[in-house]
Structures are given as structure tokens and as C-alpha cells.
Enquirer: 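Before I ask anything, let me first share the structure, which is written out below as C-alpha cells.
As the structure lists them, so they are numbered: ligands from 1, and atoms in each ligand from 1. Positions are given from 1, in the same order as the sequence printed here. Both backbone and side-chain heavy atoms feed into the values below; hydrogens, waters and symmetry mates do not.
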Amino acid sequence: MRHFTSVSQLGDWQEAFAQAQYVKQNPFADQALGKNKTLLLVFFNNSLRTRLSTQKAGLNLGMNVIVLDIAHGAWKLETERGVVMDGDKSEHLLEAIPVMGCYCDIIGVRSFARFESKEDDYNEVILNQFIQYSGRPVFSMEAATRHPLQTYADLITIEEHKTKARPKVVMTWAPHPKALPQAVPNSFVEGMKLADYDFVIANPEGYDLAPEFTRGIPVVHDQDETLKGADFVYAKNWASYDNYGQVLSQDRSWTVTTEKMALTDNAKFLHCLPVRRNMIVTDEVIESPQSLVIPEAANRVVSAQTVLKQILQSL
Ligand code: CP
């Protein structure tokens, strides 16, 4: 593997799970792979889990790790070609990227959807510029349309906790005050296809995800109906795709409550975090024994380390 931008690149899911379990049980077994190799993590957006877990993954593999927060300490970057740079942006991304490539062996990039242009976001303009101009293997730490390391950790967590071969997994939209990208839900759909679980999406009218992701997956606009018999409930907010980037609803009847969880088959609760309590999920549900949000976050080290190991092996 050279670049990693989609969980679908993992190939066979049982093999990908076995590789993750090996890394989890032997976190320091591959330190020779990363010796004298430098990992650069570039953040255009905030992060807690991705920042810490990916650094930890690199350190476990014996790598040197550098973190660059573009908004704090770097020059303000222009991203459009042809712009007369007479404003507040001092450096162009097209110089910055190859320069960053000079200082490292592998680059991780976080660049969220900007909601200025659906076309630019869905063409992954920033991530693809890193792939094109850095001269280094690049992996996504959440880009505009996908969050593959999160999804890999989600899948590992489900596989570790499932009690039947093909569990019913429901991904439900839940309310949030701000417009959030579709990267996590898009990516989760890709992961569900990879693992071939019994998968249903519940979202209100107006919140259907991009058809290129959901093709072949049932999408239901009745949350209660969908939750019946669920083994896992994956809650997430996302802004509208059709009315791109808009918040059409903050309907709190979609919040995951104890009453909603009672409709399920004693389901486990998942969320990628950070989560807005009592908007997405109630205090009672996220603090309940059914909640897997902390082991799910812990598995972010495992997913990042398994992917980084494969990239190191390809150098
Ligand atoms: N889930 C996740 O990616 O968390 P952070 O945004 O804190 O990195």
C-alpha cells in the first residue's frame, strides 16, 4: 500500500482484522520498520483522537513524528492557482507541499470539507494535491469525503464485540447545531460494504448521503422502525448532501435515548467522538455499559498503526 485514502483499500476484511489483531497484541514488534523514518502529520483542522492516536502509532513503529498545525504557526496558505497573492496568505500550497515532502518519509493529512464547493470537496482537492506534489506516501487522517482510519477502528470494534456472524448495524443521523461533513458516514458505509454486515441507514428526509456511497444500501427515514433488532447503533450527524452543507433540521426526536436503545436487540452504541451530549446521544446512553465509544477510540491507535506498518513495508 502506498497511499491510503479509503477503507475499501483494505481488501479482504477478515485479513485486515487479523492484521489489526496482530498489531494490537504486538504493538512494539515492528519497531525496526520505522527506525530512522519520519512521519509528518499535517492538520488543517482540529483533532484530539487522530492527533494522539496517529502519533502513538508512529512511535510504536519506531518512527520520528512531527506534527504541523497549519492554523497555528505555519504561514497562511493559498490553495487556488492563479490567485494574485496580495492578501493575507503568504505561501502557496503548491510550494508548501513539496517542501513538507523534503522533511519526511510519510505524510498524514487532515483536510475537512470546506462546504464552499461540493465539486472541490468531492474531488478531494487538498488531499490529492498532497498525493500529486509531495513525492511521499500520503494517508488520510479525515479528508473531505472519507475518514478511513476511523472506519477501520469502528470495524475492529464491531468485530471484537459482535455475538453473531452478521450483526445488524444501524447508522443513524442525529441532531447537531452546526454543519458537519459527510466524511465519517460516507466512510462508514464503505466499511459496512467491506465487512458485509446487515446494514441500514436511518436519516430524515433531505439527509440522504451521496448516491455513489449508498448505492445498494437501504436508507430509511423512520428511525424507530430501523432500530428494531439492531445489534449496533452508530450515531452521527452530517449536513445535507443535496442542499450541500446546510443544516435542515435539529430535530431532537432523532437523539439516541434509552427509549430508542430499548427498541434494539440490546445493541451496543458507537460514535466516533467528539460527541455533543444530549443532542446526538443522552448522558445515560453514552455512560451505559452498552456504550463502546472509549474502546472504539482506543482502536484508533490500532487502525493507524496497521496502515502505517503496511505503508512502511512498501517503502
Ligand atoms: N474521531 C476523530 O477523528 O476524532 P478527532 O477529530 O478528535 O481526531
Enquirer: Any ion pair linking Arg277 and Glu287 (charged N to carboxylate O, less than 4.0 Å)?
Expert: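 Yes.
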Enquirer: Below 4.0 Å from any atom of ligand 1, which residues have a heavy atom? Give them in chain and number order, please.
Expert: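 The 4.0 Å shell around ligand 1 contains Ser47, Leu48, Arg49, Thr50, Arg110, His147, Gln150, Cys272, Leu273, Arg300.
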Enquirer: What residue pairs, at least two apart or across chains, pass ring-ring contact (aromatic ring centres under 6.0 Å, His included) with a residue in residues 4-32?
Expert: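 As it turns out, the ring-ring contact (aromatic ring centres under 6.0 Å, His included) pairs with a partner in residues 4-32, which skip direct neighbours, are Trp13-Phe17.
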Enquirer: Which residue, Glu142, His147, Gln150, forms the side-chain contact (heavy atoms from CB on, under 4.5 Å) with Thr50?
Expert: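 For Thr50, the side-chain contact (heavy atoms from CB on, under 4.5 Å) check succeeds only for His147.
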Enquirer: Tracing side-chain links under 4.5 Å among I, L, V, M, F, W and Y, which residues wind up in one group with Leu48?
Expert: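 Grouped by the 4.5 Å side-chain rule, Leu52 form the rest of the cluster around Leu48.
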Enquirer: Check the orientation of Phe188 and Tyr234. Use parallel for under 30°, tilted for 30 to 60°, and perpendicular for over 60°.
Expert: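 Phe188 vs Tyr234 ring planes: parallel.
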Enquirer: List the atom pairs, donor and acceptor, that lie under 3.5 Å between side-chain atoms in residues 301-315 and the rest of the protein, sequence neighbours left out.
Expert:
unit_1	atom_1	unit_2	atom_2	d
Ser303	OG	Leu149	O	2.9
Ser303	OG	Arg300	O	3.2
Gln305	OE1	Asn60	ND2	2.9
Gln305	NE2	Pro27	O	2.7
Thr306	OG1	Val302	O	2.6
Lys309	NZ	Asp30	OD2	3.2
Gln310	NE2	Gln19	OE1	2.6
Ser314	OG	Met1	O	2.8
Ser314	OG	Ile311	O	2.7

